[in-house]
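Each residue takes its place number in the sequence, starting with 1. What's counted below: heavy atoms across the whole structure, side chains too, no hydrogens, waters or symmetry copies.
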Amino acid sequence: MTDKNTPAIAFIGLGSMGLGMAKNLLKHGHKVVGVDPSAQARDAFTAAGGTLADTPAAAAKTADVVVVAVVNDKQVETVLFGDNGAASALRKGGLVMQCATVPAAFARALGERLAKSGHELLDAPMSGGRARAESGELTFMASGSPKAFATAESILAATSAKVFRLGNDPGIGSLVKTVNQLLAGVHIATAAEAVALAAKAGADTRAVYEVISASAGSSWMFENRVPHMLDDDYAPLSAVEIFVKDLGLVLNTGHELRLPLPMAAAAHQLFLAAAGAGWGRLDDAAVVKVYEQAGDFKVSSPKR
């Protein structure tokens, strides 16, 4: 094992948030070997000083920690246990730091599976988006053994502003992330609905944004996403499809618990409508387009 303060890292998933994380790890002196199917992501990573591997297994051979920052549980399964998966190549006692948004039950089972092969798991889903990933100010909702936290200490320090230690068992972190995604998705959907109402009624939407941002009706998502709507700029910092997935996960969790989640269900339908209209790869603020299309108007407003 390398110096515990700078463990060697196999970083799987150099996407919207993973690339920013990996770059910050390089800045803090870690050896990072990256894996991603996107040539553009690989080029950006090597330009920052990273090294590439062709497969997760090849990256994991010299690693102390495998960081997984992919989209969902199916991708986690593939990159860890599929052909040329990382788990079989990671040394005994090595750590998997799993950062994707996945069902809590999957995270619990993953911890048990890795324990049988002599590996640790830190269940560490993240929040903050591309901007905070790039600035090293993510929030991690993490659970795992004290050993797992100790091994990941320098990784978390390089990539986060806040780390919530939620318990010793994998699955707790993912459950809390599920709760966060319920709120995030509903807040984006209601922000879109509110701005759509203002626009359809003929209000100055930029003035409405300023008022609500300083009032009790505001939320972090309102303040962050509404400017995208006002600028008619949907370059993907997140994506509509992410909330199709994450709110689906929220609803599945509710089904398992026999708990009705009507607000999450309504928001999920709105994101499904946006994805069905062809806007799935646009920024998640593009959910407002569902209202614009239904009412034949625009919420965007010229900057003053």
Side-chain angles (χ1 to χ4, degrees), residues 16-17 20 101 126-139 141 160-162 164 176-244 246-247 250-251 261-304:
S16 179
M17 296 173 73
T101 300
M126 54 196 173
S127 180
R130 179 185 294 179
R132 291 191 181 186
E134 291 176 350
S135 65
E137 296 177 303
L138 291 169
T139 294
M141 306 155 219
S160 69
K162 289 186 178 180
F164 290 95
V176 174
K177 179 62 186 294
T178 300
V179 174
N180 181 80
Q181 293 309 92
L182 185 161
L183 289 165
V186 168
H187 287 173
I188 294 170
T190 55
E193 184 165 293
V195 175
L197 174 62
K200 184 65 172 177
D204 180 335
T205 51
R206 287 196 182 271
V208 169
Y209 172 71
E210 292 172 7
V211 171
I212 299 302
S213 294
S215 302
S218 189
S219 68
W220 191 93
M221 283 300 191
F222 183 93
E223 293 187 33
N224 185 268
R225 297 307 204 267
V226 172
H228 303 185
M229 303 174 195
L230 299 181
D231 292 342
D232 201 23
D233 180 4
Y234 301 107
L237 300 180
S238 180
V240 165
E241 288 287 3
I242 293 296
F243 278 97
V244 172
D246 286 0
L247 286 172
V250 168
L251 293 174
L261 302 172
M263 299 301 103
H268 189 232
Q269 289 296 305
L270 198 63
F271 282 101
L272 277 172
W279 304 316
R281 294 185 179 275
L282 298 182
D283 188 79
D284 52 35
V287 73
V288 76
K289 287 177 171 287
V290 175
Y291 293 100
E292 291 180 330
Q293 186 179 67
D296 191 24
F297 66 93
K298 297 286 288 184
V299 303
S300 58
S301 175
K303 290 184 178 179
R304 294 172 182 169

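At least one donor-acceptor pair closer than 3.5 Å links the side chain of Glu292 to the backbone N or O of Val299. Counting only distance, with no hydrogens or angles, the side chain of Arg130 and the backbone of Pro236 share a donor-acceptor pair below 3.5 Å.
Note that CE of Met229 is 11.0 Å distant from OG1 of Thr205, once rounded to the nearest 0.5 Å. Here the straight-line distance linking atom NE2 of His228 with atom OG of Ser238 works out to 10.0 Å at 0.5 Å rounding. To the nearest 0.5 Å, the span separating CG on Leu197 from OG1 on Thr190 amounts to 12.5 Å. Between His187 atom NE2 and Ser218 atom OG the span is 10.0 Å, to the nearest 0.5 Å. Here the OG-CG distance, from Ser301 to Asp232, works out to 11.0 Å after rounding to the nearest 0.5 Å.
What you find for Ile188 and Phe243 is that their closest heavy atoms are CD1-CE1, 3.7 Å. Between Glu223 and Ser213 the shortest heavy-atom distance is OE2-O, 3.6 Å. Of all heavy-atom pairs between Leu138 and Gly129, the closest is CD2-O, 3.9 Å. When all heavy atoms are compared, the tightest approach of Ser127 to Met141 is CB-CE, 3.5 Å. Looking at every heavy atom in both residues, Lys177 comes nearest to Met126 through NZ-O, 2.7 Å. Smallest separation of non-hydrogen atoms from Leu270 and Ala189: CD2-CB, 3.8 Å.
Considering only heavy atoms from C-beta on, Arg132 stays 4.5 Å or farther from Met17 through its side chain. Residues Lys303 and Leu230 are not in side-chain contact: their nearest non-hydrogen atoms beyond the backbone lie 4.5 Å or more apart. Within the 4.5 Å cutoff, no side-chain heavy atoms of Asp246 are placed close to those of Phe271. Within the 4.5 Å cutoff, the side chain of Tyr209 has no heavy atoms near those of the Val195 side chain. Considering only heavy atoms from C-beta on, Trp220 comes within 4.5 Å of Arg225 through its side chain.
Between Asp296 and Lys200 there is no salt bridge, since none of the side-chain N atoms of the basic residue sits less than 4.0 Å from a carboxylate O of the acidic one.
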Could you check Gln293 against Trp279 for side-chain contact (heavy atoms from CB on, under 4.5 Å), going step by step and ending with a plain yes or no?
CA-CA 12 Å; Gln293 186 179 67; Trp279 304 316; 3.9 Å; yes
Checking Ile212 against Phe222 for the side-chain contact (heavy atoms from CB on, under 4.5 Å) test, could you report, in this order, the C-alpha distance in whole Å, the side-chain angles of both residues, the deciding distance, and whether it holds?
CA-CA 9 Å; Ile212 299 302; Phe222 183 93; 3.5 Å; yes
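Asp283 pairs in a side-chain contact (heavy atoms from CB on, under 4.5 Å) with only one of the listed residues (Leu237, Asp233, Val240), which is Leu237.
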